[in-house]
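Have a look at the structure below, then the notes.
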2 protein chains.
Amino acid sequence: MSMYSTTLASHGSTISSEITETLRDAIITGEITQGSKLSETKLARDLDVSRGPLREAIRNLEGMNLIEHVAQQGARVVTLNMQTILEIYDTREALESKAASLAATNMTSGEIDELHRVIDAQSKFMHDNSNAFIPAESDYAFHNTLIRGAKNNVIESALLRRLYHLIKMFRYQHDFANTSTSNSLLEHRQIVYAIEQRDPELAEVTVRRHIVRARNRIERRLKAAQ
Amino acid sequence: MSMYSTTLASHGSTISSEITETLRDAIITGEITQGSKLSETKLARDLDVSRGPLREAIRNLEGMNLIEHVAQQGARVVTLNMQTILEIYDTREALESKAASLAATNMTSGEIDELHRVIDAQSKFMHDNSNAFIPAESDYAFHNTLIRGAKNNVIESALLRRLYHLIKMFRYQHDFANTSTSNSLLEHRQIVYAIEQRDPELAEVTVRRHIVRARNRIERRLKAAQ
DNA sequence: CATTTAAAAAATGTCGACAATTGTTGCGAA
DNA sequence: TTCGCAACAATTGTCGACATTTTTTAAATG
């Protein structure tokens with residue numbers, strides 16, 4: 001009976017935001033398994049809170065698309081089968097390619113510098129680790145910076161708030177945590193080049209290709225595993 | 001002091017879902033004005049419910065992107081200034097053009113028939129009303145059918161659950177309720193043609209152009225009104 | 001008169017208890 | 001045995017009260 005590590009956290013003053021983060025991480029890592037029911041009574045007991053803030057946390061998780069809640073029946077963790085994964089990546093392709101197009105116009109030079117720093121770190125890491133892979137956190141840092149550079153809060157929310165938690169969950173639980181292929185680094189460089197050139201169309205197609213390739217890699221691997 | 005009409009509704013058994021719909025409609029129509037605070041105490045009194053289900057309704061509205069909630073300070077209705085509107089339409093362009101592409105492949109012939117029925121109704125209406133406009137509800141019916149035809153629940157949710165309420169809110173409050181231009185009907189026909197031909201690329205560009213044109217119309221009109 | 005500060009008021013966050021609904025168990029009838 | 005049904009258990013939904021934080025008010029200070 002592993003308890004969900006609440007750690008020290010607490011930068012989010014309120015209890016419901018605390019347990020939202022705790023449960024979010026437990027779902028992403030799979031500590032709470034896909035498809036399992038989130039029993040209010042049990043969770044409230046385990047986390048040592050009342051059911052009030054717990055219900056609010058559940059609604060928050062619903063906003064991250066991590067759970068599905070139906071009236072009078074409770075909440076369940078989403079199930080990431082192959083179809084859902086591919087749907088997520090198709091949606092990501094549409095949103096993030098548009099974000100790249102906007103970022104080519106709207107990114108500040110400071111943010112472009114940040115992209116370079118992330119890429120350089122990735123390059124150094126791969127060099128030090130026999131070109132093995134890019135660490136997940138570094139990959140997220142790259143895409144986070146790109147998405148924020150679009151200066152479009154609606155797209156940013158659609159991606160970072162409602163889609164990326166699902167992507168992290170999938171990659172963590174299905175051993176796609178670290179993006180393979182040294183090609184990813186090259187693609188990252190091409191993306192930064194397009195943005196640096198302030199070329200929206202090139203930025204859009206490079207990001208689109210980057211995501212489509214990831215999508216197809218996933219599809220191949222999941223079909224092979226069947 | 002106009003009270004929010006709770007009507008008979010009640011098909012959603014639970015109180016929180018009831019008042020979610022009530023408040024959603026009040027926000028979309030502007031009965032609750034943009035930027036105004038949603039006071040839990042006052043609303044609970046007005047709607048004659050306790051604060052529990054009201055807080056859940058607020059979280060639901062947050063999931064529709066209709067309000068913004070910050071801890072210890074409460075919830076406010078979003079403000080739709082020009083920048084936000086254009087951000088919404090840029091996001092819609094990315095999502096709905098992808099949805100059209102998918103729909104060209106995945107739509108059933110029955111759903112295509114449904115698109116024809118909607119278009120025929122629009123055609124008849126315009127003919128009967130001196131080519132004035134397409135009624136808002138009929139326009140939403142067209143796009144709803146298109147989006148559902150993509151058979152991608154993630155895109156569908158991103159559009160219908162998280163974006164379209166904002167679009168309805170804007171169009172209702174800024175007199176864009178009825179899509180002007182007889183050109184819209186032609187564009188609808190082109191979209192259906194592309195889907196009928198099972199041509200994803202053509203479907204994508206026709207929908208993209210349809211939305212970009214609407215976006216640019218809005219931008220021109222809002223700038224002229226400044 | 002403007003600014004600061006402390007008390008008061010109001011609002012949001014949390015809790016425990018009760019209500020209503022759903023799910024389960026076990027008995028009895030076909 | 002299988003099916004239906006009633007009693008029971010467990011879960012979710014709702015409520016009112018209390019705790020904590022924020023906002024307002026108003027006095028006091030410079």
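Chain letters run A, B, ... following the sequence lines, proteins first and then strands; every chain starts at 1.
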Roughly how many Å is it from [atom1] in [X] to [atom2] in [N], rounded to a whole number?
X	N	atom1	atom2	value
B:Gln73	C:dA10	CD	C1'	14 Å
B:Glu40	C:dA9	CD	C1'	17 Å
A:Glu56	C:dG13	CD	P	7 Å

Q.
Under 4.0 Å between a side-chain nitrogen and a carboxylate oxygen: does that hold for B:Glu111 and B:Arg148?
A. no
**Q.** Electrostatic pair B:Arg51:B:Glu40 at N-O distance under 4.0 angstrom
**A.**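 So B:Arg51 pairs with B:Glu40 through a salt bridge.
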Q. Does B:Arg221 make a cation-pi contact with B:Phe176 (under 6.0 Å, within 45 degrees of the axis)?
A. yes
**Q.** Short side-chain N/O contact to C:dT12 OP1/OP2 from B:Lys37, under 4.0 Å
**A.**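 True: B:Lys37 side-chain N/O within range (under 4.0 Å) of C:dT12 OP1/OP2.
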Q: Indicate, with a heavy-atom threshold strictly under 4.0 Å, whether B:Leu38 touches base, sugar-phosphate, or nothing.
A: sugar-phosphate
Q: May I ask you to check whether B:Asn65 and A:Arg162 show a side-chain donor-acceptor distance below 3.5 Å?
A: yes
Q) On DNA chain D, which is the earliest and which the latest nucleotide, 5' to 3', with an atom closer than 4.0 Å to a heavy atom of chain A? A)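 The contacted stretch runs from D:dT11 to D:dT14.
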**Q.** Test applied, ring-ring contact (aromatic ring centres under 6.0 Å, His included); reference residue, B:Phe142; option that passes from B:His210, B:His188, B:His116
**A.**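 Going through B:His210, B:His188, B:His116 one by one, the ring-ring contact (aromatic ring centres under 6.0 Å, His included) with B:Phe142 is satisfied by B:His188 alone.
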Q.
Could you check whether atom OH of B:Tyr172 has more than 12 heavy atoms from other residues, nucleotides or ligands sitting under 6.0 Å from it?
A. no
**Q.** A:Ser16 vs A:Gln72, nearer the 5' end of DNA chain C by closest nucleotide
**A.**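 Result of the comparison: A:Ser16.
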